[in-house]
Amino acid sequence: MEKGLNVKMKSFGSRHPQVIDYFLIALGILLTAASIVYIFNPNRLAAGGAQGIALVINYFTHWNTGLLMILINGVLFITAFALIGKSFGAKTLVSSLGLSFAVFVMERYLYGGPLTTNPMLAAIFGSALMGIGVGIILNRNATIGGTSLMGKIIAKITFLDQVNCIMATDLIVTLFAMVVFGVEIGLYQLISVYLTGVVINKVIDGISYRREVMIITSKRDVIMHYIISDMKKGATLLQGKGGFTGADTEIILSILTQRDFIRLKIFIRQVDPRAFISVNMVTEVSSASSEGF
């Protein structure tokens with residue numbers, strides 16, 4: 001039953017990749033919006049970007065943060081379109097405006113109070129929630145606008161490196177928020193900006209991780225047959241020579257997900273308990289299939 005469900009999901013994903021992309025982007029938007037509305041904003045923590053600018057403006061005007069984010073991202077998109085063209089993509093348009101709209105709706109209709117009023121807990125758990133949400137969005141080749149678009153615009157105008165422009169923009173937003181909300185809150189904001197970046201990288205790497213498995217075994221044919229025929233994965237034979245014995249040997253190499261690696265390891269332990277298995281983490285695979293070769 002489980003195998004049949006997995007096959008159906010993979011088949012659906014291969015036929016409708018855009019549907020899967022936008023579903024995950026929507027999930028990332030909801031997680032990111034929740035971190036802003038229920039954790040960051042009530043504690044006056046600016047995570048940089050459009051949210052940070054909107055939070056500072058809200059302090060003086062009391063305008064809805066989601067509405068401010070829509071206005072800010074709208075201005076940024078018009079500017080980016082005029083200077084850069086369409087290179088920022090439809091997914092970025094959907095995700096950034098979708099995030100602003102989700103924040104607006106949550107603040108206006110779904111707000112039931114902050115999840116915590118402790119600034120340290122807010123910095124830690126807000127960063128974790130936002131990092132997961134933004135990581136999911138970035139993994140689908142989209143961005144949430146804000147400093148990403150600001151960085152592109154500044155890089156276009158000044159010819160500076162885009163990554164440095166994004167980091168500088170986030171830092172400037174954080175410093176402005178520090179002036180408005182105080183040094184202590186600003187220090188929590190710096191912690192939050194750092195933790196959010198760490199979580200984003202972990203999420204992106206975690207989604208992309210594969211296991212590079214190398215196997216030296218006396219049951220080469222049996223294990224190769226299991227990988228290719230039973231697991232429906234790819235494998236490659238490498239020529240090797242024993243350092244101690246000098247004997248020629250063949251090494252099985254395959255790129256697998258964590259789940260598939262566990263299946264393979266259990267099978268190997270059953271057919272050849274003395275087999276040697278080496279595993280390395282792979283963060284990117286480029287081929288017709290990312291499940292193995």
Side-chain angles (χ1 to χ4, degrees), residues 18-81 88-119 121-150 170 173 177 180-181 185 189 192-193 195-196 199-200 203:
Q18 292 293 326
V19 175
I20 299 297
D21 281 349
Y22 283 107
F23 172 79
L24 292 174
I25 288 173
L27 175 61
I29 286 173
L30 291 177
L31 294 176
T32 305
S35 71
I36 292 173
V37 174
Y38 302 116
I39 301 178
F40 281 134
N41 286 356
N43 290 278
R44 298 299 184 186
L45 293 178
Q51 181 264 341
I53 298 172
L55 188 60
V56 173
I57 297 175
N58 168 267
Y59 178 79
F60 296 105
T61 65
H62 302 292
W63 292 359
N64 181 281
T65 307
L67 178 60
L68 288 170
M69 289 178 63
I70 292 174
L71 295 175
I72 292 168
N73 278 321
V75 172
L76 288 173
F77 265 104
I78 293 173
T79 306
F81 185 84
F88 48 83
K91 289 181 182 178
T92 295
L93 176 63
V94 170
S95 58
S96 60
L97 295 183
L99 174 63
S100 303
F101 180 75
V103 170
F104 174 78
V105 172
M106 287 182 181
E107 284 188 331
R108 180 64 63 89
Y109 304 107
L110 302 175
Y111 188 70
L115 292 180
T116 179
T117 56
N118 184 306
L121 291 177
I124 294 173
F125 289 100
S127 300
L129 192 59
M130 175 172 278
I132 293 171
V134 174
I136 292 173
I137 293 171
L138 292 177
N139 196 63
R140 310 317 296 183
N141 296 318
T143 72
I144 57 172
T147 50
S148 298
L149 282 178
M150 291 180 202
D170 267 335
V173 172
V180 174
F181 301 121
I185 292 296
Q189 291 168 353
S192 178
V193 170
L195 290 178
T196 300
V199 175
I200 288 172
V203 170

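The shortest non-hydrogen separation linking E107 to G66 is OE1-N, 3.1 Å. Summarising the geometry of Y38 relative to L110, their closest heavy-atom pair is OH-O, 2.9 Å, with the distance given to 0.1 Å. Nearest heavy-atom pair across F104 and L67 is CD1-N, 3.9 Å. Taking each heavy atom of P42 and Y111 in turn, the nearest pair found is CG-OH, 3.5 Å. Between L68 and N58 the shortest heavy-atom distance is CD1-N, 3.8 Å. Contact record, I29 with A102: CG2-CB, 3.9 Å, taken as the closest heavy-atom pair.
In this structure, the separation between CD1 on I20 and CD1 on I25 is 11.5 Å, given to the nearest 0.5 Å. In this structure, I136 CD1 and D21 CG are separated by 12.5 Å, a value rounded to the nearest 0.5 Å. Atom CG of L195 is separated from atom CD1 of I200 by 11.0 Å, given to the nearest 0.5 angstrom. Once rounded to the nearest 0.5 Å, the distance linking CD1 of I137 with CG of L99 reads 6.5 Å. Residue W63 holds its CH2 atom at 16.0 Å from CE of M69, rounded to the nearest 0.5 Å. Rounded to the nearest 0.5 angstrom, I185 CD1 and N43 CG are separated by 7.0 Å.
Looking only at atom types and distance, the side chain of Q51 has no donor-acceptor partner in the side chain of T65 under 3.5 Å away. In this structure, a donor-acceptor pair under 3.5 Å is present between the side chains of S100 and N73.
When side chains are defined from C-beta on, R140 does not count as touching Y22, because their heavy atoms never get closer than 4.5 Å.
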CA sep, side-chain torsions, deciding dist, call: F125, S35, side chain to side chain contact (heavy atoms under 4.5 Å, CB included): CA-CA 8 Å; F125 289 100; S35 71; over 6 Å; no
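Residue-environment remark: CZ (F23) stays at or below the threshold of 12 foreign heavy atoms within 6.0 Å.
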